[in-house]
*Asks:* 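Sharing a structure, written as structure tokens. Questions coming.
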Amino acid sequence: MLEQSAINGFIGFALKLIQNTAQAGKNVLVSPYSVMQALRIAAAGAKGETRSEILSAMNLHDESECCVYSLTPDTENVKLLVANSAWIRQNYPLRDDYIHTITVNNLCDIFQVPFDSSTVKQINHWIGEKTDHMIPSIVSRFSDQTALCLINAVCFEADWIRPYREVDLQVYRFTAADGENQLITMMMQHDDSYLKDEHAEGFIAYYRCKAYAFAAFLPEEGMTPEEYLAGLTPERLFRTLSEPVRSKNEVITGLPKFKYEFDSPLNDALMNAGMQKAFQIKEADFSGMTDDPAGLYLSKVLHKTFIEVTPFGTRAGAGTFVDWAAGCIPDPEPKRIILSRPFVYLIFDMQTKLPLFIGTVNSIPNDPEEKE
């Protein structure tokens, strides 16, 4: 069992990532777990202050601490796949001990490639395959300086313990962040508990696997999801998820059916989290990876995610691409928590409350299938 300080550290990284990525009025989704796994491999080859900053950004003392956040593997009731790969420019002098470290400790596939158009196809095929095609591509081209790429893929799919029936589906009005009224499919259900903190109410929807659950938070009137996230602390999130409020009365919940994709460079988000030197050509120290006197620095960190919430369950995928460049309280009436305006949601580990995915919904994308 993880110590509470470690749990707060993991949750803190998740919050830093979404706080630094959230965009007013936009649907955003990040996978802290995917980003952490990619950065863990980076930290294994970093030295000095560069390594310290990477670990500090993740609230870790050592990259091996990522191992303690182990996820329930693929079982009968949940499909959860995690994969890592390293793509090395042909003849680039990557240290043998680093290759050994990331191969043995991270179960990382190694590929020697020319970083041309054929490599683009290879990488996109790899990420598509590892995410059940929820992330069909993650890179379109490379720079002439690209020497190494690390990629993490996460694929999650689980059914609700109580699937929503046809009678539970209602046409509902969702007020988007820009004030637009959208007619959407709201999935209604009855429960006996809900979530509550100083600035939001919400609920938990459980998956059949029981190891993971979906939580949603509706900020108080007048507060945006981004403002709510900005004030959220690891301690408060852990406490709220751990202590659902039992209601003496019926709780009616409403969860929109939705699906969307999100992608974003994470350079600024990670630099704001304290990772400065890794992105500086003259400051980065990745000498644990290579003996090349020109060295390596982080050129870019790209993140792509996908989420689909249906009456039957949830599908979510994430890919993190790291590019190194050489020289890179109950009411008397039934309680209603209907997500009919912008909200925050997450998929989390039931035991530790650690977020696997965390995002915001500011509008409900049109479903092209419903127009046919």
Side-chain angles (χ1 to χ4, degrees), residues 18 21-31 78-79 131-136 154-189 191 195 200-207 212-219 224-226 228-229 252-264 303-319 336-348 355-372:
I18 188 65
T21 311
Q23 304 172 42
K26 303 294 184 182
N27 294 337
V28 172
L29 173 65
V30 295
S31 173
V78 59
K79 179 178 182 179
T131 61
D132 198 19
H133 303 287
M134 286 183 279
I135 310 294
V154 176
C155 176
F156 174 90
E157 187 169 354
D159 294 336
W160 304 119
I161 194 169
R162 291 189 297 162
Y164 294 87
R165 304 162 300 172
E166 189 68 31
V167 70
D168 300 323
L169 309 183
Q170 297 183 15
V171 176
Y172 218 89
R173 186 180 71 177
F174 183 91
T175 304
D178 63 3
E180 179 187 356
N181 289 321
Q182 300 177 294
L183 291 181
I184 57 103
T185 299
M186 188 71 76
M187 305 184 296
M188 310 293 288
Q189 216 160 63
D191 215 327
L195 302 175
E201 290 185 333
F203 57 88
I204 295 177
Y206 297 93
Y207 297 113
Y212 302 95
F214 181 101
F217 292 93
L218 188 66
T224 68
E226 295 75 31
Y228 173 70
L229 284 169
I252 301 174
T253 64
L255 172 63
K257 174 186 174 184
F258 66 92
K259 175 173 68 173
Y260 68 87
E261 300 173 354
F262 175 75
D263 64 86
S264 175
H303 192 54
K304 279 195 172 186
T305 52
F306 170 92
I307 182 81
E308 181 177 21
V309 176
T310 74
F312 309 104
T314 305
R315 297 176 69 232
R336 298 173 67 85
I337 303 175
I338 311 300
L339 305 178
S340 59
R341 51 186 170 82
F343 60 93
V344 174
Y345 69 93
L346 56 140
I347 297 171
F348 67 98
L356 180 60
F357 291 86
I358 182 168
T360 59
V361 171
N362 278 289
S363 65
I364 305 298
N366 292 327
D367 188 346
E369 296 178 2
E370 295 187 354
K371 293 183 179 179
E372 297 177 354

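Computed from a predicted model, the values in this text were never measured in an experiment.
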*Asks:* Please answer whether the main-chain N or O of Ser363 pairs with a side-chain N or O of Asn27 as donor and acceptor at a distance below 3.5 Å.
*Replies:*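 The answer is yes, because a donor-acceptor pair under 3.5 Å joins these two groups.
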
*Asks:* Between Met188 and Tyr164, what is the shortest heavy-atom contact and its length?
*Replies:*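 Taking Met188 first and Tyr164 second, the nearest heavy atoms are O-CD2, 3.5 Å.
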
*Asks:* Test ring pair (Phe, Tyr, Trp, His ring centres under 6.0 Å) on Trp160 and Tyr207 and set out the steps.
*Replies:* CA-CA 4 Å; Trp160 304 119; Tyr207 297 113; 4.8 Å; yes

*Asks:* For a ring-ring contact (aromatic ring centres under 6.0 Å, His included) with Tyr345, tell me which candidate from Phe357, Phe258, Tyr228 qualifies.
*Replies:*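 Output: one option passes, namely Phe258.
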
*Asks:* Show the nearest heavy-atom pair for residues Pro342 and Pro225, with the distance to one decimal.
*Replies:*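 For Pro342 versus Pro225, the nearest heavy atoms are CB-CG, 3.5 Å.
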
*Asks:* Are side-chain heavy atoms of Phe203 and Leu255 found at a separation under 4.5 Å?
*Replies:*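 Phe203 vs Leu255: side chains touch.
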
*Asks:* Would you mind reporting whether Arg162 and Asp191 have side-chain heavy atoms less than 4.5 Å apart?
*Replies:*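 The answer is yes, as the side chains (C-beta and beyond) meet within the 4.5 Å cut-off.
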
*Asks:* Taking the side chain as every heavy atom from C-beta outward, state whether Val361 and Pro256 have any atom pair closer than 4.5 Å.
*Replies:*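 No; the side chains remain at least 4.5 Å from each other.
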
*Asks:* For Cys155, does its backbone N or O pair with a side-chain atom of Thr131 as donor and acceptor, under 3.5 Å?
*Replies:*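 Such a contact is absent between Thr131 side chain and Cys155 backbone.
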
*Asks:* Measuring from atom OH of Tyr212 to atom CG of Leu356, what distance do you get when rounded to the nearest 0.5 angstrom?
*Replies:*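 Tyr212 atom OH to Leu356 atom CG measures 6.5 Å (nearest 0.5 Å).
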
*Asks:* Find the distance between CG (Asn181) and CZ (Phe174) and round it off to the nearest 0.5 Å.
*Replies:*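 Rounded to the nearest 0.5 Å, the CG-CZ separation comes out at 10.5 Å.
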
*Asks:* Would you compute the distance between atom CZ of Phe214 and atom CD1 of Ile307 and round it to the nearest 0.5 angstrom?
*Replies:*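 Between Phe214 CZ and Ile307 CD1, I get 6.5 Å after rounding to 0.5 Å.
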
*Asks:* Yes or no on side chain to side chain contact (heavy atoms under 4.5 Å, CB included) for Phe217 and Phe343, after CA distance, side-chain angles and deciding distance?
*Replies:* CA-CA 6 Å; Phe217 292 93; Phe343 60 93; over 6 Å; no

*Asks:* Which pair of non-hydrogen atoms, one from Met186 and one from Leu339, has the smallest distance, and what is that distance?
*Replies:*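 Where Met186 meets Leu339 most closely, the heavy atoms are CE-O, 3.5 Å.
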
*Asks:* Distance check, rounded to the nearest 0.5 Å: Leu218 atom CG versus Ser340 atom OG?
*Replies:*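 So the CG of Leu218 and the OG of Ser340 are separated by 6.5 Å.
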
*Asks:* Ignoring hydrogens and angles, tell me if any N or O in the side chain of Thr305 forms a donor-acceptor pair with the backbone of Leu29 under 3.5 Å.
*Replies:*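 Pair found, side chain donor or acceptor close to backbone of Leu29.
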
*Asks:* Does some side-chain heavy atom of Met187 sit less than 4.5 Å from a side-chain heavy atom of Thr310?
*Replies:*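 No; the side chains remain at least 4.5 Å from each other.
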
*Asks:* Mark yes or no for whether Asp178, through its side chain, and Glu180, through its backbone, hold a donor-acceptor pair below 3.5 Å.
*Replies:*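 Judged by distance alone, yes, a pair lies under 3.5 Å.
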
*Asks:* From Ile337 CD1 over to Leu195 CG, what is the distance, rounded to the nearest 0.5 angstrom?
*Replies:*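 If I round to the nearest 0.5 Å, the distance is 7.5 Å.
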
*Asks:* In the structure I gave you, are the side-chain heavy atoms of Phe156 and Val78 within less than 4.5 Å of one another anywhere?
*Replies:*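 Phe156 reaches Val78 side chain to side chain.
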
*Asks:* Say you draw a straight line from CZ of Arg341 to CZ of Arg173; how long is it, rounded to the nearest 0.5 Å?
*Replies:*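 That separation rounds to 12.0 Å.
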
*Asks:* Provide the closest heavy-atom pair for Ala215 versus Phe348 in the form atom of the first, atom of the second, distance.
*Replies:*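 Smallest interatomic distance, heavy atoms only, reads CB-CE2, 3.7 Å.
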
*Asks:* Do the non-hydrogen side-chain atoms of His303 and Ser31 ever get within less than 4.5 Å of each other?
*Replies:*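 Yes - at least one pair of side-chain heavy atoms lies under 4.5 Å apart.
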
*Asks:* Is there a side-chain contact between Leu229 and Thr360, using heavy atoms and a 4.5 Å cut-off?
*Replies:*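 Answer yes - side chains close enough.
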
*Asks:* Starting from the C-alpha separation in whole Å, work towards a yes-or-no answer on side-chain hydrogen bond (donor to acceptor under 3.5 Å, both in side chains) for Glu226 and Asn362.
*Replies:* CA-CA 10 Å; Glu226 295 75 31; Asn362 278 289; 3.0 Å; yes

*Asks:* Please report the C-alpha distance between Val344 and Ile18 in whole Å, then the side-chain angles of each, then the deciding distance to 0.1 Å, and finally whether the side chain to side chain contact (heavy atoms under 4.5 Å, CB included) criterion is met.
*Replies:* CA-CA 10 Å; Val344 174; Ile18 188 65; over 6 Å; no

*Asks:* Going by heavy atoms in the side chains, are Asp132 and Lys79 under 4.5 Å from each other?
*Replies:*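 A side-chain contact under 4.5 Å exists here.
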
